[in-house]
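In what follows, a single structure is set out as structure tokens and then discussed.
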Amino acid sequence: MSSTPNVTRFAPSPTGHLHIGGARTALFCWAFARHTGGRFMIRLEDTDVARSSESSAVGILHDLAWLGLDWDDGPEYALDGKSFGGDERGVGPYRQSERLELYNEAIERLVESGAAYAAFESPEEISAARAEAVKRKQQYRYDRAALKIPADERARRVAAGEPHVIRFRTPDDAVEVEDVVLGTIRIEPEQLDDFVIRKRDGYPTYHFAVVVDDELMGVTHILRGQEHLINTPRHVMLQQALGYRTPEYAHMPLIFNDKGAKMSKRERDGAARDFCKQRGVSESPIPDRLAQDAFDAWKKDKKQQLEGDVLEALAEAVGLHLPEVSVDDFRRAGYLPEVITNFIALLGWNPGGDVEKFDMDFLASKFELGRIGKTNARFDRTKLMSFNGDFIAEMAAADFAGRLRAFMAAEFAHFDVRLKDTSFRLGEDDMGRIAAVVQPRSKTLVDACERLSFAFVDAADITYDDKAVKKNLEKNDGAGYGVLRDLLERFEALAASGGLTGEAGHTALQSYAEEKDIKLGNVAQPLRVALTGSTVSPGMDETLDLLGADEVLARMRRCLELQAASASRGS
RNA sequence: GGCCCCAUCGUCUAGUCAGGUCCAGGACGCCAGGUUUUCAUCCUGGAAACCGGGGUUCGAAUCCCCGUGGGGUCACCA
């Protein structure tokens, strides 16, 4: 066995949220490192100065940590008392913007040996030439015009500070790449031109930085998406020119959305746009945040993207659930990290046989590159939700309660406020039984919170669902109200003796139904509507317990008062 | 369009590398029935795929070729 451990890396560009496809790549890198006792490294590829941001970098690190992908080397980050990253191997820094001298050193070597050269065409000239080639239906390749300039003159112009890029002089031989997943890939030299390795602004391009860093940082295995397959020959050529090792490559299949298109932030705009068009939404649903003319322009232009929070506000206003794309989206939609990692691991990998529910330890113990698939996968949100619901149902009660409580603090602020408010009927101590009520029936944490919303409002603030009221209370000359009045009497009697518990209430319901010889549903549903405003709620005894005797009676009385008020208006 | 990659139920996939145990298995979804006071569950059953065509072989989902389809890529983005 080799004494040096395998090193994998996940190298995101901090230009936005962590995409679910990126998370899958990171997960496989992590799993391979853990399986082989190697190291998992994070590197931030921030050579695109204009689009990179520190907030994106922090967001990505947070998402990785939240998913449970602990990294050994890389930017330091702490979450929930655990810390990640560091520079134990002394191969940092881990931001490419802090490694410019390393790239420049390597570039100097290439220029000196003639393997790379300065070129002075402006971006405009290049794009014009490219447009010309496209017009002639030819593939554009740089014409090496700069090489016609004598080398000493090129050096003089560079020294004089003339703006230029550095291009790599592509060798004339075909390149073969051994890919662990796809086998041997051969690229003929005419497919590649003298690509830029250092931009006008002095930053290396991705192709160059990645090759230098992977060498200097001792990366042994490069796992990445298949969209990089064609880049690999470039990287191998650079490695050969620089005298570097060639690491093992494993290109993994891509993840698409349910329509077979690439999953992207744009998809969320598309979903909202289609929804607005279908529903004939002609006026901006959020005029104070999105002006009418901006709304119109966005609806017309399929390429236009709204700011994330504006888009979310719009979706909420029209009652649309946006498709999740980034890890952050899934977290806020109430998916659990264990489920997300389990599910995305299955997109392009599986342990063989019929096993498909597993945890990170299992993944780490079973993960092998040989079991990575070759075919692109579609992301099925319905199946993810099913997994999430199963996982929630099987969680230890205390664990679920803790997660739900944390989720409320992060995403359902008004629940959080009420739980901390000592005058409210529910408090922190009730969290266990609150969670227990929704645990078996919730698909996501958002689902759980929504199912609990009835318990966090005051009797006076309940909004009654019209359909529910008509069907269960008003129908048959207000038969439901009649039932409710009878039940109120019995419940009041129970309460007076201190016995209006969920169980007792439930029993009272059953005996009432038997006495009157009516279906239990015709008793329970009117009560359910009176207590929650809708036909959907947890079990009756649980609902009664959660509200407590006083609140139950208050809600029943208010419901009957509303009926009286509406009757007196003669409606 | 050039080049590269891929191809099993609607979807994720097992099986393919080492051809027979596969009239192709599992999961999600779907359909039908049942349980249930709502919701969510749960139970039973069902429909559902080896892209097409050649070839190799006693035998092919598995190997080869062609076609077709899908995807990727052709930036001073990564």
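Residue numbering restarts at 1 for every chain, and letters A, B, ... go by the order of the sequence lines. These numbers come from the heavy atoms of this one structure, side chains and all, not from hydrogens, waters or symmetry mates.
You'll find that the side chain of A/Q525 is closest to B/U37, out of B/C39, B/U37, B/C12. Each of B/C76, B/U73, B/A78 was ranked by its minimum atom distance to the side chain of A/V196; first place goes to B/C76. If you check B/C76, B/G26, B/G71 against the side chain of A/K383, the one that comes closest is B/G26. Checking B/C12, B/U73, B/C76 against the side-chain heavy atoms of A/T205 singles out B/C76 as nearest. The side chain of A/H506 approaches B/U37 more closely than any other nucleotide in the set B/C76, B/C77, B/U37.
Using a 4.0 Å heavy-atom criterion, one finds that A/D179 contacts no nucleic acid atom at all. Among the atoms of the strands shown, none is found under 4.0 Å from any heavy atom of A/L527. As judged by a 4.0 angstrom heavy-atom cut-off over every strand, A/H164 is placed among residues making no nucleic acid contact.
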Identify all pairs in which a protein N or O lies below 3.5 Å from an N or O of nucleotides 5-10 of chain B, and state each distance.
none

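On the C1' atoms, B/C63 is 8 Å away from B/U56, given to the nearest whole Å. Nucleotides B/C3 and B/C64 are separated by 23 Å at their C1' atoms, to the nearest Å. B/A18 and B/U62 have their P atoms separated by 14 Å, given to the nearest Å. When the P atom is used for both B/C42 and B/C28, the distance is 9 Å, rounded to whole Å. Separating the C1' atom of B/C66 from that of B/A48 is a span of 30 Å, rounded to the nearest Å. Here the separation of B/A60 from B/C51, taken at their C1' atoms, is 16 Å to the nearest Å. Nucleotides B/C50 and B/C12, compared at atom P, are 16 Å apart to the nearest Å. For B/A61 and B/G19, the C1' atoms lie 10 Å apart once the distance is rounded to whole Å.
Between A/K199 and B/A78, a side-chain N or O to OP1/OP2 separation shorter than 4.0 Å is present. Phosphate contact (OP1/OP2 of B/A78, side-chain N/O of A/T47, threshold under 4.0 Å): present.
Annotation: cation-pi pair A/R167/A/Y142 present, NZ/CZ under 6.0 Å from the ring centroid and within 45° of its normal. Geometrically, A/R24 engages A/F28 in a cation-pi contact, judged by NZ or CZ lying under 6.0 Å from the ring centre and within 45° of the ring axis.
Residue side chain A/R441 reaches the base of B/C39 through a donor-acceptor N/O pair under 3.5 Å, judged by distance alone. For A/R167 and B/C76, a side-chain-to-base donor-acceptor distance below 3.5 Å is absent, hydrogens and geometry of angles not being considered.
In summary, A/E162 and A/R154 do not engage in a salt bridge, as defined by a charged side-chain N under 4.0 Å from a carboxylate O. Ion pairing between a basic and an acidic side chain is recognised when a charged N comes within 4.0 Å of a carboxylate O; A/E188 and A/R186 show such pairing.
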